[in-house]
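Chain identifiers are assigned alphabetically (A, B, ...) following the order of the sequence lines, protein sequences preceding nucleic acid strands; residue numbering begins at 1 within each chain.
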Amino acid sequence: MMNPFVLLTAIVAQAAEPAAEVAADAGLVAETLTPVATGLAGSLSSYLVVSGILFVLGVATILTRRNALYILMGTELILNAANINFVAFARFGSFSIDGQMMALVVVMLAAAEAAVALAIVLRIFHDFGSIDITRTDSLRD
Amino acid sequence: MDFMFLVFAAVTLLGGLVMAFHQSIVHSAFGLVAALFGVAGLYWTLGADFLGGLQVLLYVGGVTVLLLFAVMLSTRDSTRMNLSRYVLVAPIVGIVGLFVFNAYQGVSEIVNSLGSELTEPEPTSARIGELFLSPDHYLVPFEVVAILLLLVLIGAVTVARRGQTLSEESTS
């Protein structure tokens, strides 16, 4: 488990490196004026890399598992990746707080979705004795 | 700020990896907890304090408990992934990931060219409350979400209960 971690950190660092260089080239004047916008946390692309990896992990989970609960978890991961994008663009673009409002609505809808979906999963388990999505292939008889 | 970003990004990605690739579903659920908490931390590094708190309350506290509850009630069958399907799916996922990263690169160049300056993060709760309750901004989505949550409450109880009553009728 240590190897992918090192790899991912390297990827994140590499992706954010050009932005850091640009920030360094901008000179000391800008740095003294805006002390907030430096480094990894000050560049949009590092957040986008994290969100992209999260999105791909969610897609991989949905496509490889046959258990309905895994598919729900993958959906949550994808929704969170989209939310990171909303908040990151709201911070780094010239949109004020609207991205956070979108993300708030998405979080609430995701909670509602999880409640309904888990109720349905319980019902499927009750009817079929299994939540394997390849076996729940018949309508109610 | 930078150090906190690295910590939270590592927590998020590690949690996501554990969730995607661990064999045991309980381990996967806890990997999801870690990933969701890391996302909350990323919100905090982005200056979204209220959203991060809500993420911890709703996701880490609520959705995960629901998930673990469902796991407890309904995992008699296998949770392992089959490797053949994984080999089949890997190119699809790779292509999707390439598209996503390309799109991100293009969009982030556009946003960076807008050249807005980063400001010091401020507390957002008061502003969010004003926006949600003012009719010019987000009052309608707010009320729609409220109605939807009520519907979901009733609907989830109905869906989960109907199985019980039906089975009781059929057994008695």
**Q** Counting only N and O atoms by type, is there a donor-acceptor contact under 3.5 Å from the side chain of A:T61 to the main-chain atoms of A:G74?
**A** no
**Q** Measure across B:G47 and B:T124 and return the closest heavy-atom pair with its distance rounded to 0.1 Å.
**A** O-CG2, 3.8 Å
**Q** Judged by modelled atom types alone, do A:D98 and B:Y138 share a side-chain donor-acceptor pair under 3.5 Å?
**A** yes
**Q** Chain B heavy atoms under 4.5 Å from A:N83: which part of the residue, side chain, backbone, both or neither?
**A** both
**Q** Count the heavy-atom pairs under 4.5 Å between each of B:F142, B:F50, B:Y43 and chain A, then report the option with the highest count.
**A** B:Y43
**Q** Flag the one option from A:V105, A:L72, A:N85, A:L109 with the top tally of heavy-atom pairs under 4.5 Å to chain B.
**A** A:N85
**Q** Quick one: of B:G16, B:G155, B:S28, who has the most non-hydrogen atom pairs under 4.5 Å with chain A?
**A** B:S28
**Q** Quickly, which of A:V87, A:N80, A:L54, A:I84 forms a side-chain contact (heavy atoms from CB on, under 4.5 Å) with B:L42? Name it, please.
**A** A:I84
**Q** As an exercise: rank B:L131, B:L151, B:V144 by heavy-atom pairs under 4.5 Å with chain A and give me the winner.
**A** B:L131
**Q** Which value, rounded to the nearest 0.5 Å, describes the distance between A:I53 atom CD1 and A:L77 atom CG?
**A** 11.5 Å
**Q** Looking at chain A, which one of B:L54, B:L148, B:I128, B:V145 has the largest number of heavy-atom pairs inside 4.5 Å, strictly under?
**A** B:I128
**Q** Where on A:I120 is there a heavy atom nearer than 4.5 Å to chain B: the side chain, the backbone, both, or neither?
**A** both
**Q** Taking A:V107, A:V116, A:V59, A:V56 one by one, which has the highest count of heavy-atom pairs under 4.5 Å against chain B?
**A** A:V107
**Q** In terms of heavy-atom pairs under 4.5 Å, which option from B:A35, B:A29, B:G94 contacts chain A the most?
**A** B:A29
**Q** Identify the residue among B:L32, B:L36, B:V39, B:V65 that makes a side-chain contact (heavy atoms from CB on, under 4.5 Å) with B:V60.
**A** B:L36
